[in-house]
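We count ligands from 1, going down the list as the structure has it; atoms in each ligand are counted the same way.
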Amino acid sequence: MITSYHRPTKAVIDTAAITTNVASAVKKLTGTSELFAVVKADGYGHGAHAVAHAAIAGGATGFCVATIDEGIDLRQAGFTQPILILGVTDARYTKIILEYDLSITIATLADLAKFERELATIVTSGKLKIHLKIDTGMGRIGFLNTADLQMAVEKISTRVNMEWEGIFTHFAKADTEDDTYWLEQRDIFNAFLASLAELPRYIHINNSATTLWHPNQIGNLVRYGVAMYGLNPSGGELALEEKLQPAFELVSELVQVKRVPAGTHISYGATYTSQQAEWIGTVPIGYADGWLRKMQGFALLVEGSYCEIVGRICMDQLMIRLPQEFSVGTKVTLIGKNGGETITMQEVADYLGTIHYEVACTISDRVPREYRK
Ligand SMILES: *Cc1c(COP(=O)(O)O)cnc(C)c1O
């Protein structure tokens, strides 16, 4: 997608909000604990570089990403902090992982063996940094029993070009009122730890929800994602002790405003018909921007008034019904504050029947990200 700067549609990212959110989490860390900012998926759609800078300013000391390429991108942008790839990586990329000094996640003995074989063919003075992932109940990736884990630790310790840097797990239900399953997973992880004679530098179980609602239980590293962006990980289920500051605004402008008589059809399929004479405004954002067709019927803000999206949302444009005439160029807010009212990303997610994480990632890179300091 070509990022389209010469159009009024843009996401405005409040980097100071991100710094504040990180700083407030860092302040609550105990002992030698650190916070790595999770900037996968281009910083949850906020822009990975700007988010990474803002997180460092707030006290983050490293990053988590999902893929090798996301890690390389941060290195090429000049970041020298530790970068952990949370997903499974293929051993055929060993050389490039070493070249960019990325830490990898190993989840099975079979994968470890592939990296051992690959390393045997490479001349390097570098060490492959490894975090071992334990599946304590997420059912996604990770070692499933202590025997395999112990074997992995032993193998790494005998390889001069491997370094056991971390051990971690991920919770499936850290963001719900009922913490039974969280406690089960925690106990399983503790049993895994107890089965080992030694432990690595980083032990980590905390995503945002665990950090907010089960703080400082195990380990010395927090993987801080969605909360850094000012979003409540639980949606609305659990209250926040301290308010988070949302960092994402989505805005555009009216590009045409017209008075239509009763009986006028709007957009593809002519599914909307004006009941009376109405003011209709056209906004240059559509489903190719990640403003999905299902958003039809949702209301956007113009000068503090909620204006319903009428007719089908097109690839690049949509129409709203205005309470009065507004001039072309008037600001339209899709997410954020406008005239004393606010549309939250949570409201968009609720309307779509999804979670705010998905909304943030779905706004496409055709929409430029502008950074407010
Ligand atoms: C994405 C991810 C996180 C961050 O989760 P948030 O809920 O956004 O804080 C942490 N750990 C792992 C393994 C992840 O995949």
Side-chain angles (χ1 to χ4, degrees), residues 17-18 21-22 24-26 28-29 33-46 48 51-52 54-55 58 60-68 70-71 74 82-89 102-107 130-143 165-176 181-182 185-186 189 202-215 217-238 240 244-248 345-346 349 354-362:
I18 293 170
N21 294 331
V22 170
S24 98
V26 166
K28 291 180 190 137
L29 297 176
S33 287
E34 297 177 47
L35 183 148
F36 282 12
V38 183
V39 297
K40 59 193 182 188
D42 200 22
Y44 293 39
H46 291 59
V51 170
T61 52
F63 304 107
C64 297
V65 296
T67 66
I68 294 172
E70 290 176 348
L74 287 178
I83 298 174
L84 170 62
I85 302 167
L86 297 168
V88 171
T89 54
L102 305 172
S103 300
I104 60 164
T105 293
I106 296 271
I130 296 169
H131 289 236
L132 296 173
K133 179 75 181 279
I134 314 301
D135 184 357
T136 56
M138 176 70 183
R140 193 165 63 179
I141 59 169
F143 286 89
E165 190 178 54
I167 185 165
F168 73 114
T169 195
H170 192 56
F171 289 100
K173 289 184 71 178
D175 55 353
T176 52
Y181 197 66
W182 187 91
Q185 283 196 257
R186 182 201 62 182
F189 189 67
Y202 291 118
I203 300 161
H204 47 116
I205 65 166
N206 287 49
N207 56 357
S208 294
T210 296
T211 308
L212 292 167
W213 295 300
H214 308 273
Q217 291 233 359
I218 298 176
N220 51 17
L221 176 61
V222 166
R223 307 185 302 269
Y224 211 52
V226 82
M228 167 172 70
Y229 303 96
L231 301 166
N232 179 337
S234 75
E237 184 170 340
L238 296 176
L240 296 164
L244 294 167
Q245 296 189 19
F248 194 100
M345 204 176 274
Q346 182 64 44
T354 185
I355 54 174
H356 47 48
Y357 289 77
E358 193 177 40
V359 175
C361 297
T362 304

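Counting protein heavy atoms only, atom 13 (C) of ligand 1 is closest to H170 ND1, 3.6 Å. The single protein non-hydrogen atom nearest to atom 11 (N) of ligand 1 is R223 NE, 2.8 Å, given as residue, atom name and distance. Shortest contact from atom 7 (O) of ligand 1 to any protein heavy atom: Y357 OH, 2.6 Å.
Of all atoms in ligand 1, listed by their number and element, those nearer than 4.0 Å to a heavy atom of Y44 are 1 (C), 4 (C), 5 (O), 6 (P), 8 (O). Taking every heavy atom of K40 and a limit of under 4.0 angstrom, the matching atoms of ligand 1 come to 1 (C), 2 (C), 3 (C), 14 (C), 15 (O). Under a 4.0 Å criterion applied to the non-hydrogen atoms of R140, ligand 1 contributes the atoms 13 (C), 15 (O). Of all atoms in ligand 1, numbered sequentially from 1 with element shown, those under 4.0 Å from a heavy atom of N207 are 5 (O), 9 (O), 10 (C).
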List the steps and the verdict of ring pair (Phe, Tyr, Trp, His ring centres under 6.0 Å) for Y44 and F248. CA-CA 10 Å; Y44 293 39; F248 194 100; over 10 Å; no
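Looking at T362 and E358, their side chains never bring a donor and an acceptor atom within 3.5 Å of each other. R186 and H214 form no side-chain donor-acceptor contact under 3.5 Å, judged by distance and modelled atom types alone.
A tilted orientation is assigned to the rings of H46 and Y229, their planes being inclined by 30° to 60°.
With a 4.5 Å cut-off on side-chain heavy atoms, L86 and K40 count as touching. Inter-residue side-chain proximity for I85 and T67 is flagged as unmet; no heavy-atom pair is nearer than 4.5 Å. By the 4.5 Å heavy-atom criterion applied to side chains, D135 and I141 are not counted as neighbours. Side-chain contact between Y224 and C64 is absent, with no heavy-atom pair separated by less than 4.5 Å.
Between F168 and ligand 1, no N or O atom pair is found at a separation short of 3.5 Å. For K133, no nitrogen or oxygen atom sits less than 3.5 Å from a nitrogen or oxygen atom of ligand 1, counting backbone and side chain alike. In terms of N/O distances under 3.5 Å, ligand 1 is approached by G225. Where the criterion is an N or O separation shorter than 3.5 Å, residue side chain and backbone included, S208 meets it with respect to ligand 1.
Contacts of L86 with ligand 1, taken as heavy-atom pairs under 4.0 Å, involve the side chain alone.
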